Amino acid sequence: MHSLGVVGLVAVFCTTSARAAFTVAQNYQGSSFFDAWTFQNGPDRNSSSNVLYQTREQALQEGLVSVNAAGHAIIKMDNTTDGTKDPNFGRPSVFMLSNATVSAGSLVIMDAITMPFGCSVWPAFWMQGPNWPNNGEIDIVENVNLQTNNRYSLHTASGCTHPPADQSPASMETGQVLSTDCSTTGANGNQGCLIQDPSTNSFGAGFKANGGGAYAMLWDDTGIKIWFFPRASIPADASTNTPNPSGWPTPTAFYPSSSCDTTKFFGPQSIVLNINVCGSFPESNFNPSCSGKCQDLVGVPSNYNNAYFEISYLRVFTSKSGSGSSTTSGGTAAPKTTGSGSASVIAKPATIFTILATIVLPFIGGYLTVAL
Ligand SMILES: *[C@@H]1O[C@H](CO)[C@@H](O)[C@H](O)[C@H]1NC(C)=O
Ligand SMILES: *[C@@H]1O[C@H](CO)[C@@H](O)[C@H](O)[C@H]1NC(C)=O
Ligand SMILES: *[C@@H]1O[C@H](CO)[C@@H](O)[C@H](O)[C@H]1NC(C)=O
């Protein structure tokens with residue numbers, strides 16, 4: 001841990017000399033991936049599902065969170081416990097919230113090799129403000145069961161909408177508009193303003209078979225834009241420390257500020273990665289892709305062999321020229337990031353850290369497991 005801390009410190013100096021519009025504010029990768037998260041344990045707080053989220057200590061001990069030989073973060077649902085004899089069985093899983101928050105003027109990029117899927121499985125990569133729904137929720141990855149098209153959504157207080165489908169040309173976004181009222185109490189219930197990804201490689205088995213890909217979310221004065229890039233089409237600068245989304249193609253989903261004033265409906269967001277099982281969303285979409293009753297699957301561990309994320313990195317960038325309040329990189333991450341937090345701010349992963357990690361990781365795998 002000490003040697004990585006020193007790399008982090010070196011990286012902070014590198015950051016200050018960078019001239020790019022975006023600079024790295026938070027980096028979750030490799031051995032430090034799990035350092036700056038809070039694990040929410042117990043049953044799911046927002047759905048009556050069949051999950052039992054574990055504490056950080058339990059998740060580490062049970063192997064639900066780990067770093068693999070490739071240096072990728074694994075976040076999984078338990079697939080070894082037989083719960084068939086227990087009518088109240090909750091399958092062990094993970095719900096982790098970032099300690100640092102994401103504010104306006106930020107770009108978030110996650111590159112994953114695979115994401116959880118399977119009948120009854122409900123994973124999500126999303127963000128929420130402290131006072132839900134008044135501080136908003138941004139869903140970057142969310143779908144259920146055997147679906148292969150991802151869905152994007154916002155959940156807000158009343159007054160935030162996505163433009164109607166006939167005012168959402170292909171030049172604005174490539175996704176399909178399913179619903180336009182982002183309000184949690186709106187006409188479409190709490191499904192928010194849903195956009196469906198046109199690519200069958202954007203979720204589930206399709207995503208995995210294609211080698212995964214990258215998701216990016218840009219929140220600035222123009223609104224909230226989300227991109228999905230299949231593995232072969234990830235922009236070359238996405239994995240660098242100076243990504244420039246102004247050179248990227250049309251986003252998959254775009255929530256323009258003209259119909260949703262993000263300064264009013266969104267506060268600082270905590271990033272969430274979780275894997276739920278059954279509950280409202282999978283159950284209401286269970287058939288025809290899955291058969292029988294969702295709860296009948298929960299006790300059988302082999303149903304969860306694909307219920308895991310393998311993430312190569314998750315990064316948050318901030319723009320000094322971004323909009324309004326709390327956009328400086330220090331200001332966003334500082335309040336909740338102390339001490340070892342600096343180790344997760346790696347400004348030059350493509351150079352010194354990668355070289356170090358490549359050489360060191362395979363040899364100190366055992367040590368890293370303990371250090372987590
Ligand atoms: C993140 O917060 C959790 C508690 O909520 C704490 O255990 C952990 O040490 C924090 N991580 C960092 C890097 O501050
Ligand atoms: C989840 O439920 C809790 C308490 O029931 C509530 O405070 C919180 O705002 C809810 N969050 C979401 C995202 O639904
Ligand atoms: C559990 O799933 C993992 C993949 O995450 C797989 O490698 C492993 O073999 C599975 N365990 C069992 C007991 O089938």
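Both ligands and their constituent atoms are indexed starting at 1 by order of listing. For clarity, every value in this text was computed on a predicted model and none was experimentally measured. We're numbering straight along the sequence, starting at 1.
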**OP:** With sequence neighbours excluded, tell me which residues meet side-chain contact (heavy atoms from CB on, under 4.5 Å) with Pro230.
**Re:** Asn210, Phe228, Ser233
Original post:
What do you reckon, does Phe39 put a non-hydrogen atom under 4.0 Å from ligand 1?
Top reply: no
Original post:
Which atoms of ligand 1 are found less than 4.0 Å from any heavy atom of Asn99?
Top reply: 1 (C), 2 (O), 3 (C), 8 (C), 10 (C), 11 (N), 12 (C), 14 (O)
Original post:
Is there a nitrogen or oxygen of Arg56 sitting under 3.5 Å from a nitrogen or oxygen of ligand 1?
Top reply: no
Original post:
Quick one: salt bridge (Lys or Arg N to Asp or Glu O under 4.0 Å) pairs with a partner in residues 194-214, sequence neighbours left out?
Top reply: none
Original post:
Can you pull the residues with any heavy atom under 4.0 Å from ligand 3?
Top reply: Lys76, Asn79, Asn305, Tyr308
**OP:** Check the angle between the aromatic planes of Phe22 and Phe317 and answer parallel, tilted or perpendicular using the 30° and 60° thresholds.
**Re:** perpendicular
Subject >> Cys290 vs Cys119, disulfide (SG to SG under 2.5 Å): CA-CA, chis, key distance, verdict >> reply: CA-CA 6 Å; Cys290 301; Cys119 289; 2.1 Å; yes
**OP:** Evaluate the ring planes of Phe95 and Tyr53, with Trp represented by its six-membered ring, and classify them as parallel (under 30°), tilted (30 to 60°) or perpendicular (over 60°).
**Re:** perpendicular
Original post:
Which residues satisfy the salt bridge (Lys or Arg N to Asp or Glu O under 4.0 Å) test with Arg151, sequence neighbours excluded?
Top reply: none
**OP:** Flag the pair Arg56 and Asp35 as a salt bridge only when some basic side-chain nitrogen lies within less than 4.0 angstrom of an acidic carboxylate oxygen.
**Re:** no
